[in-house]
Novice: 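Following this message is one structure expressed as structure tokens.
Keep in mind the model is a prediction, meaning the values are calculated, not measured. Letters go in sequence order (proteins before strands), and every chain restarts at 1. Just the heavy atoms: all of them, side chains too, but no hydrogens, waters or symmetry mates, feed the values below.
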Amino acid sequence: MSTAGLIAGVLWLALTAYAVLAGADFGGGVWDLFAGGPRAHEQRNAVAEAMGPVWEANHVWLIFMITGLFTAFPVTFGVLALALYIPFTIAMTGIVLRGASFAFRAHGAEAVGPTSPWGVIFGVASVVTPFFLGTAAAAVASGSIHAPGGHLVSGYLDGWTTPLAIVIGLFALSICAYLAATYLMVENEDQPALLADFRRRAIAAALVSGALALLAVAISLFDGSRLLESLTGRGLPLFILALLNGPLALWAVWRSRPRIARVAVIGQVVLVLWAWAIGQWPYLVPPDLTISATAAPAATLTGMLVVITVGGLLLLPSLWLLFRVFKARNPQARA
Amino acid sequence: MVGLGTFIGLVAALFWFLTARRRSVPTGRLLLLGLIAAGPASVIAMEAGWFVTEFGRQPWIVYGVMRTSEAATSAPALGPTFALFIAIYAGLAITTGRLLLMLAARTRNATT
């Protein structure tokens with residue numbers, strides 16, 4: 001594989017890590033917003049406790065993707081930044097407000113007791129951000145961004161305002177909520193009442209995300225978009241695995257097997273993302289921008305590969321340690 | 001920037017010199033005031049340095065290679081977006097300040 005292809009693969013891996021880790025953070029915000037019943041307060045605490053130590057680290061992957069795309073594929077970066085200016089700006093606003101309101105709520109509570117307005121902003125931003133990131137992904141996957149020779153010719157609303165994009169945006173939101181619900185099931189294995197709350201939420205999210213995924217496939221059958229071509233072409237094996245894995249994940253949630261459910265739902269996200277990535281390979285943004293044609297000069301790519309390797313040697317063990325300290329069954333981590 | 005940087009360095013050097021000579025932390029009022037001023041001064045010096053490099057480089061964005069006007073985005077509605085982010089960050093700054101003051105007040109009440 002070429003250096004450019006290798007770096008493109010690393011960037012897709014970073015997107016996968018972002019979806020699996022930060023996706024669950026967005027989902028946690030969704031469950032914060034929709035906390036209800038007699039244990040609403042405990043549900044919110046469970047979300048805050050699960051997110052607190054790691055949510056900032058999870059955004060490392062987004063920053064890596066942005067800077068990586070900028071360095072290795074500057075033409076693609078420029079086209080995406082223009083074509084998806086509006087959904088990206090909304091998502092960025094959401095990310096800023098989410099982080100700030102999460103911190104304000106936590107520290108504000110120390111000073112003045114619960115500060116609910118920040119809780120609402122946190123919840124709403126958690127819903128808005130994955131939805132618009134999903135619509136942006138749909139614009140790319142459906143081949144709606146046209147930039148022959150690297151010059152954007154499609155409009156600022158093209159691709160992410162279609163019915164397909166709205167369905168995929170809602171799908172992204174529901175799969176984030178699904179991820180979070182299964183993670184929260186694992187984190188509350190020893191609390192039967194909370195476990196049952198998050199099991200019910202996981203089932204609801206599973207059914208909604210499954211229905212939306214099938215609806216997205218149905219819409220692309222009719223509008224003949226590029227997405228169907230990707231999923232029935234090279235992406236077909238992974239797409240079939242996703243169709244098989246979906247019911248397996250739901251079964252694991254239904255039978256209250258949190259750990260199997262968590263693995264299965266992560267698997268679902270990975271399969272969907274890679275069916276898309278491999279389905280549209282060697283394009284980064286079909287139908288005009290390929291990996292090789294939009295790559296930076298060889299010297300830049302080689303330098304970047306060295307930096308990624310050295311940085312990875314530092315970053316990955318650090319992240320492993322972070323998750324081990326805060327996420328393993330560690331009684332001292334629970335204050 | 002240079003003046004402030006020199007000032008911060010001198011205050012720090014003086015502090016450590018006096019500490020080492022007297023074998024205890026110096027308590028002179030003027031020196032302590034200087035140390036307090038060094039905090040905000042370092043932020044101002046940093047920002048000033050940023051301004052020098054950014055404005056000093058104009059009209060280039062990459063010196064000698066690309067002009068800022070060539071690099072600017074052609075995206076629509078830059079004005080409203082700029083206004084939006086100014087509003088967001090002003091709001092966040094005010095909130096942060098308020099919360100820090102509240103936390104400080106609480107700590108002061110708890111210690112006295």
Novice: Could you look at B:L78 and say if it's the side chain, the backbone, both or neither that has a heavy atom under 4.5 Å from chain A?
Specialist: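 Both parts, heavy atoms under 4.5 Å.
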Novice: What are the two closest non-hydrogen atoms of B:S74 and A:Y156, and how far apart are they?
Specialist: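 Scanning both residues, the minimum pair turns out to be O-OH, 3.1 Å.
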Novice: Between atom OG1 of B:T81 and atom CE of A:M92, what is the distance when rounded to the nearest 0.5 Å?
Specialist: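 Between B:T81 OG1 and A:M92 CE, I get 8.5 Å after rounding to 0.5 Å.
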Novice: Take a 6.0 Å sphere around CH2 of B:W60 and say whether it holds more than 12 heavy atoms from other residues, nucleotides or ligands.
Specialist: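 Yes, because the 6.0 Å sphere around CH2 of B:W60 holds more than 12 heavy atoms from other groups.
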Novice: Near B:Y89 OH, under 6.0 Å, is it more than 12 heavy atoms from other residues, nucleotides or ligands?
Specialist: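 It does not: B:Y89 OH has 12 such atoms or fewer within range.
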Novice: If you round to the nearest 0.5 Å, how far is CG of A:L97 from CG of B:L92?
Specialist: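 The CG atom of B:L92 sits 6.0 Å away from the CG atom of A:L97.
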Novice: Is it the side chain or the backbone of A:I86 that comes within 4.5 Å of chain B heavy atoms, both, or neither?
Specialist: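 For A:I86, neither part sits under 4.5 Å from chain B.
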Novice: Other residues, nucleotides and ligands only: do more than 12 of their heavy atoms fall within 6.0 Å of CD1 on B:I86?
Specialist: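 Yes.
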Novice: Please classify the contact of B:I88 with chain A as side chain, backbone, both or neither, using a heavy-atom distance under 4.5 Å.
Specialist: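 For B:I88, the contact with chain A is made by the side chain alone.
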Novice: Rounded at 0.5 Å granularity, tell me how far OG1 in A:T89 sits from CZ in B:F85.
Specialist: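 Result: 6.0 Å between the selected atoms.
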Novice: What part of B:A77 lies closer than 4.5 angstrom to a heavy atom of chain A: side chain, backbone, both or neither?
Specialist: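 The backbone, not the side chain.
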Novice: Has A:Y283 got more than 12 heavy atoms of other residues, nucleotides or ligands less than 6.0 Å from its OH?
Specialist: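 Atom OH in A:Y283 is not crowded, with 12 or fewer foreign heavy atoms closer than 6.0 Å.
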Novice: What residue, out of B:T95, B:T96, B:T73, has the most heavy-atom pairs lying under 4.5 Å from chain A?
Specialist: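 The candidate making the most pairs under 4.5 Å is B:T95.
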Novice: Counting only heavy atoms not in B:R57 (residues, nucleotides, ligands), do more than 12 fall under 6.0 Å from its CZ?
Specialist: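 Buried by this count: over 12 neighbours within 6.0 Å.
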